[in-house]
Engineer: 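Next up is a structure, given as structure tokens.
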Amino acid sequence: MKKIFSGIQPSGVIHLGNYLGAIKQWVELQSQVDEAIFCVVDLHAITVPQDPEALKRNILSVAALYLAAGINPEKSIIFVQSTRPEHAELAWILNTVTKMGELSRMTQFKDKSQKETVESASVGLFDYPVLMAADILLYNTTAVPVGDDQKQHVELARDLAMRFNSKYGDTFVVPEPLIRKESARIMGLDDPTKKMSKSAGSSLSYLAVLDDAETISNKIKRAVTDSGNEIKAGSDKPAITNLLNIFSEVTDRSVVEIEADFEGKNYGDFKNSLSEAVVSYLSPIQKKYDEIINDETGLKKILADGSRRAGEIASGTLVNVKEKIGLGL
Ligand code: ATP
Ligand code: LTN
């Protein structure tokens with residue numbers, strides 16, 4: 001049985017990196033597997049400060065985007081993490097088999113706590129990967145489709161599953177990360193050495209999935225380029241390589257074909273075509289998104305149904321886990 005689970009934090013705008021690195025492959029995968037579960041991980045989002053009103057809006061917005069992208073709620077389960085108590089409960093239990101040293105080595109914690117200091121980072125931020133392991137392990141997940149930056153977290157989930165199994169007997173399925181090479185790491189438009197990110201200092205880093213045509217075209221115009229003027233990918237040309245990758249992803253054509261089209265042309269021509277390609281890729285998604293977000297009752301009904309279906313699986317796992325450990329009466 002193939003079962004996939006993945007999630008995105010409702011902590012701000014969803015950008016093209018999230019979309020191409022995660023959501024795009026979810027849509028393809030949902031029809032190839034036995035079970036697909038996509039979660040809006042709001043408990044993860046609060047590991048850094050969030051405004052309550054904005055968080056509420058962002059939760060619905062991320063869910064609407066899953067649907068607009070083509071996640072089908074009849075095939076897949078879509079739900080909001082905090083509506084299921086099993087996640088926090090299993091995270092607590094997994095905390096007891098997790099080592100401080102393991103969490104100290106997580107690069108996301110190191111990066112994010114550096115923005116403040118380790119002294120003032122929340123314990124939740126430190127514990128973030130354990131909650132993510134709980135998300136994954138509750139659903140007997142076999143594969144976790146994510147971007148490259150989450151590989152280390154999925155490996156921790158594997159280690160915790162194996163450790164628990166050897167301590168208490170076979171309980172958890174050991175999951176694998178599932179990472180698409182082509183779009184594993186979309187880089188920032190303003191700095192091609194850093195991943196495209198919503199929490200980067202500048203909004204020029206990312207193209208948001210909901211950006212309008214003018215914004216997209218302006219951001220692409222201002223995207224940094226490399227020295228020289230050839231439209232060719234290469235390790236010495238990180239900026240143009242990234243733009244070519246994006247072009248390839250949104251048109252489903254190979255980088256080599258696109259390079260051939262732009263032989264002898266300049267960055268200006270290339271950027272104009274790229275803007276058009278991104279706009280025509282995103283506009284049907286944006287149209288669907290508008291319809292879904294304007295039907296809040298319908299959206300909440302889908303999420304309530306997803307939460308109920310998720311609960312049926314998660315509660316079974318948790319009963320089994322507690323039994324193995326000897327918890328309860
Ligand atoms: P932040 O920008 O605050 O670090 P984020 O943009 O990484 O957050 P997440 O909610 O942490 O957003 O990630 C959601 C999914 O998108 C994950 O599967 C992650 O691997 C993927 N992802 C995020 N950024 C990129 C990127 N630049 N390229 C490819 N995939 C990405
Ligand atoms: N940490 C992930 C979001 C996330 C997730 C998960 C992804 C939380 N729980 C479970 C896959 C499976 C991120 O994308 N930053």
Side-chain angles (χ1 to χ4, degrees), residues 2-45 53-84 87 135-136 139 141 143-147 150 178 180 183 186 198 206-212 216 249-250 252 278-314:
K2 277 198 186 144
K3 298 186 178 183
I4 59 170
F5 182 102
S6 199
I8 292 183
Q9 304 182 66
S11 49
V13 290
I14 300 288
H15 54 73
L16 206 60
N18 303 135
Y19 197 87
L20 300 177
I23 304 177
K24 189 182 177 198
Q25 64 162 334
W26 302 353
V27 176
E28 292 159 10
L29 284 166
Q30 68 177 341
S31 50
Q32 301 162 16
V33 298
D34 300 292
E35 191 166 83
I37 307 183
F38 303 111
C39 186
V40 180
V41 289
D42 54 349
L43 294 173
H44 277 104
E53 285 306 314
L55 180 61
K56 247 189 169 33
R57 266 199 315 278
N58 284 334
I59 289 170
L60 290 181
S61 170
V62 171
L65 209 54
Y66 287 180
L67 293 166
I71 303 292
N72 175 354
E74 306 205 333
K75 267 193 212 139
S76 307
I77 298 177
I78 301 185
F79 76 107
V80 177
Q81 187 186 32
S82 65
T83 64
R84 295 291 358 145
H87 291 249
D135 297 342
I136 296 167
Y139 298 96
T141 305
V144 186
V146 281
Q150 294 300 312
L178 197 64
R180 270 177 90 229
S183 59
I186 304 293
K198 60 193 162 224
Y206 61 82
L207 294 169
V209 174
L210 299 177
D211 274 346
D212 60 24
I216 290 171
E249 281 294 320
V250 300
D252 270 328
V278 171
V279 169
S280 61
Y281 182 75
L282 292 180
S283 64
I285 301 168
Q286 294 176 349
K287 223 187 237 143
K288 268 197 222 134
Y289 172 88
D290 285 341
E291 280 166 28
I292 297 164
I293 204 74
N294 285 322
D295 174 16
E296 199 172 307
T297 315
L299 178 57
K300 286 187 170 165
K301 196 161 162 283
I302 290 171
L303 292 172
D305 182 56
S307 178
R308 183 189 53 73
R309 287 157 67 200
E312 283 168 10
I313 308 167

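We're numbering straight along the sequence, starting at 1.
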Engineer: Taking all atoms of both residues into account, what is the closest heavy-atom pair of E28 and S31, and its distance?
Structural biologist: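 Scanning both residues completely, I find the closest heavy atoms to be O-OG, 3.4 Å.
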
Engineer: Taking the side chain as every heavy atom from C-beta outward, state whether V80 and S307 have any atom pair closer than 4.5 Å.
Structural biologist: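 When only atoms from C-beta onward are counted, S307 and V80 do not touch, as no gap falls below 4.5 Å.
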
Engineer: Under a 3.5 Å distance rule, please check whether S82 uses its side chain to pair with a backbone N or O of D42 as donor and acceptor.
Structural biologist: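 Looks like no, no N/O pair under 3.5 Å.
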
Engineer: When Y139 is tested against each of T141, D135, I136 for side-chain contact (heavy atoms from CB on, under 4.5 Å), which residue passes?
Structural biologist: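 Of the listed residues T141, D135, I136, the side-chain contact (heavy atoms from CB on, under 4.5 Å) partner of Y139 is T141.
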
Engineer: Identify each donor-acceptor pair in which a side-chain atom of residues 68-79 lies under 3.5 Å from a protein atom, sequence neighbours left out, and give them as a table.
Structural biologist:
residue: N72; atom: OD1; partner: E74; partner atom: N; Å: 2.8
residue: S76; atom: OG; partner: Q30; partner atom: OE1; Å: 2.7

Engineer: Could you work out, with salt bridge (charged side-chain N to carboxylate O under 4.0 Å, His left out) as the rule, every residue matching D290, not counting sequence neighbours?
Structural biologist: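 Scan of D290 (salt bridge (charged side-chain N to carboxylate O under 4.0 Å, His left out), adjacent residues dropped) gives none.
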
Engineer: Heavy atoms, side chains only, cut-off 4.5 Å: are I37 and I313 in contact?
Structural biologist: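 Answer yes - side chains close enough.
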
Engineer: Drop me the distance from Y19's OH to L65's CG, to the nearest 0.5 angstrom.
Structural biologist: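 So the gap between those two atoms works out to 7.0 Å.
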
Engineer: What pairs with Y66 under ring-ring contact (aromatic ring centres under 6.0 Å, His included), at least two apart in sequence or on another chain?
Structural biologist: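 For Y66, the residues satisfying ring-ring contact (aromatic ring centres under 6.0 Å, His included) (neighbours in sequence not counted) are W26.
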
Engineer: Name all pairs fulfilling the salt bridge (charged side-chain N to carboxylate O under 4.0 Å, His left out) condition that reach into residues 8-24, sequence neighbours left out, sorted by first residue then second.
Structural biologist: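 Residue pairs with at least one partner in residues 8-24: K24-E249, K24-D252.
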
Engineer: Could you work out, with salt bridge (charged side-chain N to carboxylate O under 4.0 Å, His left out) as the rule, every residue matching E291, not counting sequence neighbours?
Structural biologist: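 Partners of E291 by the salt bridge (charged side-chain N to carboxylate O under 4.0 Å, His left out) criterion come out as none, since no residue qualifies.
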
Engineer: From L20 CG over to H15 NE2, what is the distance, rounded to the nearest 0.5 angstrom?
Structural biologist: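 Nearest 0.5 Å value for the CG-NE2 distance: 10.5 Å.
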
Engineer: List the atom of S11, the atom of A45, and the distance in Å for their closest heavy-atom pair.
Structural biologist: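 Distance-wise, the nearest heavy atoms are CB-CB, 4.2 Å.
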
Engineer: Got L210 and Q286 here, is their nearest side-chain heavy-atom distance under 4.5 Å?
Structural biologist: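 They are in side-chain contact.
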
Engineer: Does a side-chain heavy-atom distance below 4.5 Å link L29 with L178?
Structural biologist: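 The answer is yes; the side chains approach within 4.5 Å.
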
Engineer: Heavy-atom distance under 4.5 Å between the side chains of L282 and D211, does that happen here?
Structural biologist: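 Side-chain contact under 4.5 Å: no.
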
Engineer: On a heavy-atom basis, which atom in V62 and which in P10 lie closest, and how many Å separate them?
Structural biologist: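 Closest heavy-atom pair between V62 and P10: CG2-CA, 3.8 Å.
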
Engineer: Given H44, which of Q81, Q9, H87 fulfils the side-chain hydrogen bond (donor to acceptor under 3.5 Å, both in side chains) condition?
Structural biologist: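 The single option meeting the side-chain hydrogen bond (donor to acceptor under 3.5 Å, both in side chains) with H44 is Q81.
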
Engineer: Among residues at least two apart in sequence or on other chains, which ones pass salt bridge (charged side-chain N to carboxylate O under 4.0 Å, His left out) with K56?
Structural biologist: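 Here no residue qualifies.
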
Engineer: Are the charged groups of R309 and D305 less than 4.0 angstrom apart, N to O?
Structural biologist: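 Salt bridge present between R309 and D305.
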
Engineer: What closest approach, in Å, do K198 and N18 show between heavy atoms, and which atom pair accounts for it?
Structural biologist: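 Closest pair (atom of K198, atom of N18, distance): NZ-OD1, 4.1 Å.
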
Engineer: Just verifying a value: how many Å separate D295 CG and L299 CG, rounded to the nearest 0.5 Å?
Structural biologist: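 It comes to 7.5 Å.
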
Engineer: Going from CD1 on I14 to CD1 on I285, what distance comes out if it is rounded to the nearest 0.5 angstrom?
Structural biologist: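 Going from CD1 on I14 over to CD1 on I285, the span is 12.0 Å.
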
Engineer: Out of curiosity, R84 CZ to C39 SG, how far, rounded to the nearest 0.5 Å?
Structural biologist: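 Spacing of CZ (R84) from SG (C39) equals 11.0 Å.
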
